[in-house]
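We use all heavy atoms of the structure for the numbers below, so side chains are in, but hydrogens, waters and symmetry mates are not.
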Amino acid sequence: MKKFLFSLEYYEAEVIGFDLDGTLYDEFEFINQVYSRIIDKCNLDKKIKDEVLVYMLEKWLEKGSSYPFIFLETKEKFNLDSDFENTSLSIFRNFNPKLKLSSRLGFVLNKMKNDDKKLFLLTDGRELLQNKKIDCLNIRDYFDLIIIAQKNQKPSPYYGDVIKNYFKEYKKYIYIGDRERDKQFSKNSKFIYINVVNLF
């Protein structure tokens, strides 16, 4: 963090963007919360509850958050009721997360605002759920622009053009993320990419 905040890249940057999931909070925390709620609400046999939860979390760690078949594969592996998949999807999409911005990231965002950096947030996913996460983290006021991209369309240069048009008087952009599609978005938009692992 210190290295980046006092680097030439940071000093020269005019506009800095962030991904949301896995970048501004630990996504595993959210996944554990929502999967635990699914297990509780689906009336599973007590004998297999823990096993099902561990399986789902391991599958998420292996496949990533964009993998669409976790609930289907869980249903098939444990021979669960036919409505398990649809019930799980409904709970996931309407879940109210309990998330908290870390003090370290709070410091970073405050410093950037105090240094007169223009900030944007570009995330992808379902708009209702992503907005719930943003409000739960209480980060909306940090950003000059917030975009929730359509699923699987984030790498498109379209969003880069939208951002550059919004901040059209500025020339140097940085985007901070944690996944390959964040890196690809930066490349397509001609933004400098910084992986959050290397930042914090």
Practice prompt. Measure across Y170 and K118 and return the closest heavy-atom pair with its distance rounded to 0.1 Å.
Written response: OH-CE, 3.3 Å
Discussion item. What verdict does the side chain to side chain contact (heavy atoms under 4.5 Å, CB included) test give for I163 and L145, after you've listed the backbone C-alpha separation in whole Å, the side-chain angles of each residue and the deciding distance to 0.1 Å?
Written reply: CA-CA 8 Å; I163 292 162; L145 175 66; 4.1 Å; yes
Worksheet item: Which atoms form the tightest heavy-atom contact between G106 and Y142, and what is the distance?
Response: O-OH, 4.0 Å
Discussion item. Within this structure, what is the NZ-CD1 distance for the pair K77 and I48, rounded to the nearest 0.5 Å?
Written reply: 11.0 Å
Worksheet item: Which one of Y158, F191, Y193 satisfies the ring pair (Phe, Tyr, Trp, His ring centres under 6.0 Å) criterion with F185?
Response: F191
Fill in: Distance under 6.0 Å and angle within 45° of ring axis: K133 vs F30
yes
Worksheet item: Is the CZ atom of R126 crowded by more than 12 outside heavy atoms at less than 6.0 Å?
Response: no
Discussion item. For D141, I'd like to know if atom CG has over 12 heavy atoms of other residues, nucleotides or ligands within 6.0 Å.
Written reply: no
Discussion item. Looking at R37, I'd like to know if its CZ atom is crowded, meaning that more than 12 non-hydrogen atoms belonging to other residues, nucleotides or ligands lie closer than 6.0 Å.
Written reply: no
Worksheet item: Is a side-chain donor or acceptor of D81 paired with a backbone partner of D83 at a separation under 3.5 angstrom?
Response: no
Discussion item. Assess whether a salt bridge exists between D182 and K154, defined as any Lys/Arg side-chain N lying under 4.0 Å from an Asp/Glu carboxylate O.
Written reply: yes
Discussion item. The test is side chain to side chain contact (heavy atoms under 4.5 Å, CB included); show your working for Y173 and K164 and say whether it passes.
Written reply: CA-CA 9 Å; Y173 295 77; K164 285 183 280 191; 3.8 Å; yes
Discussion item. Among K111, K113, K117, exactly one meets side-chain hydrogen bond (donor to acceptor under 3.5 Å, both in side chains) together with D115. Which residue is that?
Written reply: K111
Practice prompt. Report whether I194 and F167 are members of the same hydrophobic cluster (ILVMFWY, side-chain heavy atoms less than 4.5 Å apart, transitive linking).
Written response: no
Worksheet item: Hey, mind stepping through V15 and L119 against side chain to side chain contact (heavy atoms under 4.5 Å, CB included) and telling me if it holds?
Response: CA-CA 6 Å; V15 181; L119 301 183; over 6 Å; no
Discussion item. Below 30° counts as parallel, above 60° as perpendicular, anything between as tilted: where do the rings of F92 and Y35 land?
Written reply: tilted
Worksheet entry | Enclosure of F78 CZ (heavy-atom neighbours >12, cutoff 6.0 Å) | yes
Worksheet entry | CG/D26: more than 12 non-hydrogen atoms of other groups inside 6.0 Å | yes
Fill in: More than 12 heavy atoms of other groups within 6.0 Å of D50 CG
no
Item to complete: Check whether more than 12 heavy atoms from other residues, nucleotides or ligands sit under 6.0 Å from atom NZ of K132, and answer yes or no.
Response: yes
Fill in: For the student: nearest non-hydrogen atoms of E14 and K171, plus distance
OE1-N, 2.6 Å
Discussion item. Any donor-acceptor pair under 3.5 Å linking the side-chain atoms of Q130 with those of D124?
Written reply: no
Worksheet entry | side chain to side chain contact (heavy atoms under 4.5 Å, CB included) between F71 and M56, intermediate numbers included | CA-CA 8 Å; F71 301 138; M56 291 169 66; 3.5 Å; yes
Worksheet item: Donor-acceptor pair, Y166 side chain versus D144 backbone, under 3.5 Å?
Response: yes
